[in-house]
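So the structure is just underneath, and the comments pick up after that.
Quick note on labels: first sequence line is chain A, next is B, and so on, each numbered from 1.
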Amino acid sequence: MLVIGADSRLGRSVVEALRAQSRVRSVAGADGADASGSPAIARLIAEADPDTVIHLGLEPRPSLAGGRAAMKERNVIGTMQVLAACSKAPGVKRLVVKSSGAVYGCAPRDPALFAEDTPPHQPPTSGYGKDVAEAEGYVRGFARRRPDVAVSVLRFAPFTGPGVASPLLDYLTMPVVPTVLGYDPRLQFVHIDDAVRALVLAAIGAHPGTYNVAGDGAMLLSQIARRLGRPTFPVVSFGSGLFGALIRRAGIADFTPDQVALVRYGRVLDTTRLKERLGWVPTHTTADALRAHAEAIGLKPVVPGWTKGY
Amino acid sequence: MLEDWEDRAARGLAFLRRRLNGEYEVDEFGFDPDLNDSVLMNVLRPLYEKYFRVQVSGIENVPAVGGALIVANHSGTVPVDALMTQVALLDHHPARRHLRMLAADLVFTLPFIGELSRKMGHTLACNPDAERLLRGGEVVAVFPEGFKGVGKPFSQRYRLQRFGRGGFVSAALRTGVPIIPVSIVGAEEIYPKIADLKPLARLLGLPYFPLTPTFPLLGPLGLLPLPTKWHIAFGEPIPTSGYDASAADDPMLVFDLTDQVRETIQDTLYRLLLQRRSVFF
């Protein structure tokens with residue numbers, strides 16, 4: 001098995017979990033950045049000759065990828081390189097791709113829950129969501145060309161848990177959380193352990209298809225802020241520009257426009273298919289996942305005694 | 001008397017503490033029963049009891065457990081009828097059932113209103129949401145006339161408009177829940193819409209901009225609805241569980257059932273109007 005993007009928090013845990021599986025003979029890892037360099041990844045796949053490739057290389061944070069242009073390069077071109085290398089490797093029987101719920105975009109006219117075949121009302125037109133949508137398009141193309149490979153695409157809700165960092169979590173743990181006046185979005189999280197378990201299930205079985213991965217239930221932004229002991233500060237926002245700029249000014253560099261849309265309209269995923277077909281049982285609900293994260297980073301309420309905890 | 005007040009104060013404080021700590025549950029649709037039952041319904045209740053003096057009949061037709069689809073006529077320029085039906089079911093049904101409304105997409109694009117609407121348990125009027133709620137055993141309400149109904153001119157009152165494309169019937173057929181036709185009398189006269197300022201509506205992105213005898217002539221005072229006397233009649237359930245799985249995709253059956261529901265509501269409306277003594281009493 002080959003894990004691409006093994007240098008990330010998720011990648012390390014996936015490699016570890018796969019090594020603990022008795023059915024897995026060997027696990028090799030590659031850095032996410034390698035994927036965009038064609039010869040490196042092609043050579044790696046040719047040399048390792050894996051039967052399973054797990055592609056975790058999609059990177060949502062422009063600052064970690066070296067700017068938006070480099071991020072797009074890494075996400076889209078990187079995925080194309082991986083797919084090209086896989087199509088040259090006859091030994092590959094399974095491909096698992098980490099995707100994101102960001103492909104659904106978010107708009108007020110969408111159904112309350114996104115199922116895997118829900119057509120998004122406003123598909124993402126920029127940023128990470130667009131990268132992921134394009135990458136998924138190439139993955140579908142690969143699945144058509146190589147029907148002998150079981151291709152699973154896992155669309156994740158935002159991660160939480162020990163060691164996880166993301167602009168969304170940074171935003172939610174600000175001392176005062178700015179919100180968009182007049183909106184209270186529903187948000188959903190998945191605990192990193194549950195995410196790893198879903199990836200392992202997809203990697204060791206053959207489950208072609210697209211699957212949503214998220215903790216059960218949803219929480220309102222206002223409720224999250226109260227549980228974390230954070231006062232909210234509603235900001236009048238006509239477009240996404242001003243609000244996003246405010247939060248980026250506050251030090252969260254990667255709070256991109258798709259994050260702004262998320263904290264305005266929210267997004268909830270339907271995980272029925274993953275549970276039915278892969279037998280995935282999450283150990284954390286959305287609320288548990290958030291609590292686990294707050295405990296892991298030792299978050300203190302801003303006003304002492306305001307909340308019991310999380 | 002004093003104990004009663006102490007009780008209330010204690011309940012109020014417990015509510016405030018829950019709200020401050022976020023110790024309440026919200027479902028996947030954003031429904032916040034704690035806020036809905038403790039605050040939002042209390043705001044609507046005086047309107048229901050004192051202002052419109054709503055009379056309810058046939059509420060036993062709504063099952064105490066399990067899913068049901070309530071289909072009602074829609075009117076009144078501002079969809080107050082939906083909210084009053086919600087109060088009726090919570091206050092007068094023996095099982096105190098929550099009504100989950102299917103609302104137009106416009107509602108969810110508006111700030112504040114979209115947020116409140118979700119917290120009251122409403123969601124977007126689309127088949128995936130309707131079927132998910134019905135499968136979950138909820139009572140769902142749909143107003144198939146939509147904006148054609150709410151925004152119809154005063155001269156058209158109590159005349160049902162086209163019943164959408166019958167999406168609500170296929171949702172009921174797919175989930176096998178009964179359809180309960182509901183006729184609402186009184187709501188059609190609260191804001192007599194005598195004209196529609198179409199250019200202004202287009203400018204504001206609204207489906208219509210109503211002119212009533214008092215609005216916008218009297219300014220904010222014109223926003224006060226007329227204190228009509230209401231009657232909400234829950235009709236006999238129409239079962240849908242006897243059909244096979246492909247029934248929802250049979251357009252003839254869907255049309256027939258849609259017509260049956262529509263005619264039941266229209267007939268009941270005419271019957272109730274005949275019995276009514278006056279619009280206001």
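When every heavy atom of B:Leu124 is checked against every heavy atom of A:Pro108, the shortest pair comes out as CD1-O, 4.4 Å.
Your options are A:Leu220, A:Val268, A:Ile224, and the one with the most heavy-atom pairs under 4.5 Å with chain B is A:Leu220.
Here the side chain of A:Gln223 pairs a donor or acceptor atom with the backbone of B:Tyr24 at under 3.5 angstrom. Without hydrogens or angle criteria, A:Arg109 side chain to B:Asp105 main chain gives no donor-acceptor distance under 3.5 Å.
For a residue to count as touching a neighbouring chain, one of its non-hydrogen atoms must lie under 4.5 Å from one of that chain's; by this rule B:Arg132 touches chain A with the side chain only. Contact annotation for B:Thr123: only side-chain heavy atoms (C-beta onward) come within less than 4.5 Å of a heavy atom of chain A. At a 4.5 Å heavy-atom cutoff, A:Asp216 makes no contact with chain B through either its backbone or its side chain.
Taking CZ from A:Arg226 and CZ from B:Arg19, the interatomic distance works out to 5.5 Å, rounded to the nearest 0.5 Å. With values rounded to the nearest 0.5 angstrom, A:Met219 atom CE is found 13.5 Å from B:Glu28 atom CD. Remark: A:Ser222 OG to B:Leu35 CG distance equals 9.0 Å, nearest 0.5 Å.
Under a cut-off of 6.0 angstrom, the local environment of CZ in B:Arg45 is crowded, with over 12 non-hydrogen atoms contributed by other residues, nucleotides or ligands.
Within residues 163-174 of chain A, no residue has a heavy atom under 4.5 Å from a heavy atom of chain B. Residues of residues 111-122 of chain B that come closer than 4.5 Å to chain A, counting heavy atoms only, are B:Pro111, B:Phe112, B:Glu115, B:Arg118, B:Lys119, ordered by residue number.
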